[in-house]
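For reference, the structure is listed below as structure tokens.
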Amino acid sequence: MKRLVSGIKPTGELTIGNYIGAIKQFIEYQEKYESYIFVADMHALTVHNDPKELKKRIKDIVALYLACGIDPEKTTIFIQSENMYHANLSWILECNTMMGEASRMIQYKEKSKKGDTTVGLFTYPILMAADILLYDADVVPTGIDQKQHVELARDIAERFNHKYGETFKLPEPLIDDETSKIYDLQDPTKKMSKSDDSDKGCIFLLDDVESARKKIMSAVTDSDNKIHYDKENKPGISNLLVIYSSITSLSIKEAEEKFKDKNYGEFKKAVADEVCKFLFELQEKYNEILSSSEIDAYLDKSNEKVRKIASEKVKDTFEKVGLGR
Ligand code: LTN
């Protein structure tokens with residue numbers, strides 16, 4: 001079975017957009033790939049985070065992923081900082097990455113424009129390369145914004161292999177399906193984002209059900225009062241159709257057919273009903289998982305498993321470059 005590795009940065013609360021755009025895909029991938037998903041808590045430090053909030057979010061994410069249907073038997077979920085080999089390998093890779101290629105990273109260029117840049121923000125993609133190369137990942141599912149970073153990981157691996165002999169597998173990016181991207185309910189031309197300032201357009205997985213209902217009922221639409229998918233001209237309605245079809249597992253066509261004689265009010269109510277039902281059931285599972293001791297036992301077991309893989313890779317790498325006795 002091919003191996004999949006992906007990380008989620010614990011900044012901001014998870015939204016229904018994360019569920020539809022990413023988590024749902026992981027649930028499909030786990031049938032096909034030996035999957036490793038980690039909470040990239042070390043990556044979160046590249047921007048300021050309140051330590052207490054960060055710690056809470058880390059476990060929240062694990063509980064939410066499990067509650068969403070990630071199967072702990074098929075997917076190994078772990079916490080990056082609990083496996084120190086990520087940082088170990090990252091250093092070796094830093095010493096095999098050229099300033100020029102790291103400086104070309106678009107995300108760094110964009111983020112550093114705002115000033116106050118730490119060295120960590122600059123070397124972030126190299127830590128990400130370590131995350132991937134440690135596990136001999138075949139595929140790395142991620143948003144289009146991370147494609148360049150996966151390609152950098154590949155370049156670093158290729159250079160290292162050439163210089164020191166075959167050590168790392170070359171990973172392939174698996175780019176998120178754009179058709180399942182969810183947009184802001186108040187501004188449906190903008191991605192629904194977990195780190196946005198206003199949360200009126202954003203449904204969090206831990207939103208209370210009634211406020212989620214309100215957000216959907218006040219979603220921005222258009223005045224045409226016809227329900228069909230047209231992303232260009234009807235971004236608000238199209239977004240609601242994607243949400244509805246993803247949650248109910250109907251196709252867009254089936255959803256369009258179902259609402260062809262309905263008005264926007266009726267349609268929004270139906271979307272809200274489905275979303276609320278989904279959130280309610282999800283939160284029930286989430287609370288159950290968080291309050292049981294099983295989550296810690298599971299994370300301990302995952303940690304042991306990934307440490308074993310990672311320690312072998314780091315040992316091999318140290319050996320190849322000539323470190324130690
Ligand atoms: N940079 C990614 C998170 C991330 C990641 C990874 C994704 C960190 N390490 C390794 C895939 C593989 C992000 O910002 N979404």
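Read the numbers this way: they start at 1 and go in the same order the structure lists the ligands and their atoms.
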Determine which pairs satisfy side chain to side chain donor-acceptor pair (under 3.5 Å) with at least one residue from residues 64-74, sequence neighbours left out, and list them in order. E31-K74

I want to check something: taking the side chain as every heavy atom from C-beta on, are Y183 and M192 in contact at a cut-off of under 4.5 Å? no

Is there a donor in the side chain of T167 and an acceptor in the side chain of K320, or the other way round, less than 3.5 Å apart? yes

Just by distance, no angles: are the side chains of Y36 and E34 close enough, under 3.5 Å, to form a donor-acceptor pair? yes

Using a strict threshold of under 4.0 Å (side-chain N to carboxylate O), is an ion pair present between E312 and K308? yes

Does the distance from a Lys or Arg side-chain N to an Asp or Glu carboxylate O, for D41 and R57, drop under 4.0 Å? no

Residues around ligand 1, heavy atom under 4.0 Å from any ligand atom, sorted by chain and number. Can you pull those? S6, G7, K9, F38, A40, H43, Y124, M128, D131, I132, V140, Q146

